[in-house]
Amino acid sequence: MAASKEEEEHLKGSGKRLKCSKAGRYRVVAEEDVAPFEGEEYGVEEDDGDDVGDEQLEEDTELPLKPGLFFYPLTPTSFVVSDALELDFPIIYVNTVFESFTGYRADEALGRNCRFLQYRDPRAQRRHPLVDPVVVSEIRRCLEQGLEFQGELLNFRKDGTPLVNRLKLAPIHDDDGIVTHVIGIQIFSEAKIDLNCISYPVFKETYENECEQTTVYTPTDGPLSFVQHQEMCGILQLSDEVLAHNILSRLTPRDVASIGSVCRRIRHLTKNEHLRKMVCQNAWGRDVTGALERMTEKLGWGRLARELTTLEAVCWRKLMVGGAVEPSRCNFSACAAGNRLVLFGGEGVNMQPMDDTFVLNLDAANPEWRRVSVESSPPGRWGHTLSCLNGSWLVVFGGCGRQGLLNDVYVLDLDAKHPTWKEVLGGTPPLPRSWHSSCTVEGSKLVVSGGCTDAGVLLSDTYLLDLTTDKPTWKEIPTSWAPPSRLGHSLSVYGRTKLLMFGGLAKSGHLRLRSGEAYTIDLDDEEPQWRQLECSALNSIGSQSAVVPPPRLDHVAVSMPCGRILIFGGSIAGLHSPSQVFLLDPSEEKPSWRILNAPGQPPKYAWGHSTCVVGGTRVLVLGGHTGEEWILNELHELCLASRQDMDAA
Amino acid sequence: MSSSSSSSSPSCPKKMITLKSSDGETFEIEEIAALQSKTLESMIDENCASTPVPLPNITGKILAKVVEYCTKHAEVGADAESLRAWDAEFVSVDHPTLFDYILAANFLEIPTLLNLACQSVADMVKGKTPDEIHKIFNIKSTFTPEEEEELRRENQWAFD
């Protein structure tokens with residue numbers, strides 16, 4: 001049923017949510033308001049074939065999207081909207097540019113998932129073999145996680161002509177943050193491919209003269225048939241697609257380098273950038289590889305994986321920044337949100353608890369500290385923890401405020417239009433405390449452990465708050481044994497759900513002593529248990545020799561992308577160099593500490609640092625006590641991989 | 001092929017489809033088990049599965065095992081632990097058979113079997129040096145000695 005003229009006018013102004021109908025015409029169903037695409041007509045088409053009018057996106061269109069998400073080319077662009085709340089993302093709108101490029105009319109596209117463009121013709125049942133399945137699964141992953149996607153894909157016109165589709169997908173959220181629609185912008189161009197070509201396009205240079213066995217797929221109308229050459233090495237019978245996508249992608253970067261040395265064909269497959277990225281994603285997780293994306297523009301995934309495994313390019317450098325964190329303070333807490341450092345609270349003059357928030361944007365040409373203007377702040381405090389959730393959210397817990405120790409939770413969305421701290425009431429909170437440690441697991445689960453509560457009592461508990469649920473509730477993680485209670489220790493995440501606790505000032509009989517012990521727990525276990533990590537001091541070759549780090553508190557611990565933890569600094573008894581960097585891989589069979597010798601100038605300050613990992617490969621150290629004052633404008637950076645703006649050696 | 005126990009009403013006959021291997025053997029599989037294969041699923045949807053479905057690239061030996069896998073995984077009420085153990089048993093086979101499973105699962109689009117078999121292969125590679133991988137999979141290197149040397153230097157970092 002075509003919308004009437006009145007409805008059409010109404011639609012343009014108010015942005016009602018549309019549902020598609022099989023008959024191919026638009027029908028207004030839901031009354032709820034959706035942010036309108038101003039300047040863009042909803043494609044309400046007349047049956048009589050009149051020109052609907054120019055549906056080109058206007059340059060100054062106000063779309064409910066983050067700025068900089070799309071660029072608006074001057075030529076008309078193909079545009080699709082899919083319904084993210086219905087099964088399989090049915091298309092609810094396509095513009096005329098889409099129709100003319102693809103040859104499919106709107107009524108032939110509506111209600112379908114846009115994968116039909118990957119089929120060679122309307123009667124096909126599955127996507128054409130030359131469509132890159134790596135990209136397809138990347139799209140699926142982005143849709144599942146509500147992320148933007150950008151990439152290139154082979155598509156087909158209705159008449160079977162191949163097209164290259166430069167595609168951008170962006171999710172649209174409603175006020176509650178739920179993805180309601182997905183917008184697709186397509187730039188179609190001619191595809192210069194040979195459809196009779198047999199091998200998987202991404203690996204187009206498979207050797208014809210190879211005397212190794214290959215499998216030849218002949219696309220026919222019926223089931224695929226293949227011709228198998230003489231029996232030899234079984235693994236090489238598999239197609240490039242299966243070999244790369246299903247087997248090689250499951251290996252660690254190290255294993256990929258190993259198997260890549262075995263024969264020419266596999267070597268060739270392992271040089272593919274798509275594959276290398278998948279390997280890194282599977283090995284380190286999507287969050288980490290997302291953060292590392294920018295580094296790969298210069299280095300490529302293979303080189304990055306190698307550098308992060310060998311740490312061959314590690315070095316210290318000094319970074320001066322502008323602005324000021326004023327009034328001056330110590331005992332604040334800082335963390336990284338993407339490429340921004342955020343600092344909250346701290347102890348000012350006269351032990352005054354502070355409640356202001358500062359941001360340092362490292363992406364800026366001249367980074368400088370800026371105070372974040374918030375509508376409301378948590379009560380001022382020091383000795384608290386600040387952690388990052390899901391990219392741009394921050395969470396504060398505990399600390400010592402004006403009236404004593406705290407156990408409240410506040411969150412802030414740094415990217416909100418008017419950022420403001422909001423309290424999260426989480427049921428029964430843990431005991432109020434300061435000098436505890438915290439970390440974020442799987443993006444949104446806050447874990448807190450130990451610290452010092454009222455009357456100076458040390459704690460040894462572990463609590464978890466899942467901030468993804470509707471009503472986050474604190475849950476104690478019951479363990480049959482816990483490491484001795486302590487403060488000033490570090491908690492680091494590795495292997496997605498495992499934690500490493502190190503150091504601190506720990507209870508030892510009647511005394512409190514600096515600890516050099518490491519403990520681990522896997523939160524994924526049915527009954528997670530803390531275990532002491534027996535670390536040996538093996539000898540190893542290269543620049544990493546084995547020494548056990550001296551006991552310390554208020555040190556710095558950083559999780560590296562490949563599952564290892566870096567430790568340095570802290571308040572150390574004796575004459576040990578505080579800036580010595582130690583490495584540990586807790587997931588090794590026999591974990592052992594290694595010293596990392598990094599050239600350059602390390603920070604001189606011994607304790608009270610805060611460190612943040614920016615962009616996955618830059619470890620920034622700020623603050624730290626010189627003995628006289630706390631420095632915030634001079635940062636020290638431990639680069640884990642070759643920097644983009646430096647010559648790659 | 002004995003069909004697995006099912007909780008459907010006894011008066012309703014189980015829908016079966018017939019598969020034909022490359023060497024002419026036929027196998028019956030419950031439709032519900034066949035649905036694990038996306039290829040067979042779309043054939044069933046298009047009503048192409050009423051006559052025996054020819055699978056010219058899968059031998060009878062492998063097809064029998066694939067049918068066994070699909071039937072097992074279509075069972076209701078199997079507990080995860082015992083299914084995992086059964087899966088581990090299923091892929092404890094020689095390499096040629098394992099690769100045949102992968103080829104069959106790839107063609108028939110059975111994601112669970114594909115993942116299972118590929119993970120098995122990946123596990124064989126984990127932590128191995130190139131020499132060890134050569135031996136395990138019986139792969140002949142076609143590199144010249146100069147290329148070998150270059151590779152060794154390039155990938156030395158992986159073996160430190």
Side-chain angles (χ1 to χ4, degrees), chain A residues 123 125-126 207 209-213 215 217 220 222-228 231-239 241-243 245-267 270 282 302 305-307 309-312 540-544 589, chain B residues 22 38-40 42-43 45-46 48 53-58 94-100 102-103 105-109 111 114-115 117-134 136-143 147-148 150-152 154-160:
Chain A
R123 287 162 304 149
Q125 292 301 312
R126 48 181 41 224
Y207 302 87
N209 303 327
E210 201 52 66
C211 51
E212 286 163 0
Q213 179 184 14
T215 299
Y217 270 65
T220 58
L224 293 178
S225 59
F226 73 91
V227 174
Q228 193 173 316
E231 296 277 349
M232 216 167 70
C233 2
I235 197 172
L236 297 174
Q237 282 183 346
L238 307 175
S239 67
E241 179 181 339
V242 173
L243 202 44
H245 198 224
N246 296 90
I247 296 180
L248 297 180
S249 68
R250 293 167 192 263
L251 303 174
T252 63
R254 229 185 250 271
D255 290 328
V256 168
S258 186
I259 198 176
S261 309
V262 162
C263 72
R264 204 179 290 272
R265 181 169 164 227
I266 298 185
R267 171 170 165 73
T270 61
N282 292 340
R306 189 184 92 203
E307 288 193 357
T309 306
T310 59
L311 295 178
E312 59 200 55
S540 65
I541 13 160
S543 62
Q544 301 170 11
E589 259 198 60
Chain B
S22 59
K38 296 207 170 81
T39 311
L40 295 178
S42 56
M43 285 185 184
D45 276 346
E46 301 293 314
C48 308
V53 178
L55 301 170
N57 45 356
I58 307 180
D94 58 32
H95 294 169
T97 312
L98 193 57
F99 296 126
D100 283 335
I102 295 178
L103 289 167
N106 186 43
F107 170 65
L108 288 172
E109 284 191 89
L114 187 63
N115 281 338
C118 287
Q119 187 61 51
S120 257
V121 175
D123 289 341
M124 282 182 224
V125 175
K126 287 196 172 140
K128 301 285 192 304
T129 64
D131 285 333
E132 288 168 331
I133 296 176
H134 272 118
I136 293 174
F137 295 115
N138 191 26
I139 302 175
K140 255 173 61 182
S141 167
T142 48
F143 293 120
E147 284 171 324
E148 288 267 1
E150 193 197 315
L151 273 174
R152 205 175 298 276
E154 204 180 282
N155 292 318
Q156 191 52 45
W157 65 274
F159 316 122
D160 274 339

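Both backbone and side-chain heavy atoms feed into the values below; hydrogens, waters and symmetry mates do not. Per chain, numbering begins at 1; letters A, B, ... match sequence-line order.
- Between A/A257 and B/W157 the shortest heavy-atom distance is CB-CZ2, 3.8 Å.
- Going from atom CE of B/M124 over to atom CD1 of A/I247 covers 9.0 Å, rounded to the nearest 0.5 Å.
- When side chains are defined from C-beta on, A/R250 counts as touching B/N115, because their heavy atoms get closer than 4.5 Å.
- In terms of non-hydrogen atom pairs under 4.5 Å with chain B, the most contact-rich of A/N246, A/L248, A/V256 is A/N246.
- Contact of A/T252 with chain B is not made at all, since no heavy-atom distance falls under 4.5 Å.
- Shortest non-hydrogen contact noted between B/I139 and A/L236 is CG2-CD1, 4.0 Å.
- The residue among B/D123, B/I102, B/D131 with the most heavy atom pairs within less than 4.5 Å of chain A is B/I102.
- Closest heavy-atom contact between A/V262 and B/P130: CG2-O, 3.8 Å.
- Heavy-atom distances place the side chain of A/L251, and not its backbone, under 4.5 Å from chain B.
- The two residues B/K140 and A/C263 make their nearest non-hydrogen contact at O-CB, 4.1 Å.
- In this structure, CD1 on A/I259 lies 11.0 Å from NZ on B/K128, to the nearest 0.5 angstrom.
- Note that CD1 of B/I133 is 4.0 Å distant from OG of A/S258, once rounded to the nearest 0.5 Å.
- No hydrogens or angles considered: nothing links the side chains of A/R267 and B/N155 as a donor-acceptor pair under 3.5 Å.
- Heavy atoms closer than 4.5 Å to chain A are found in both the backbone and the side chain of B/Q119.
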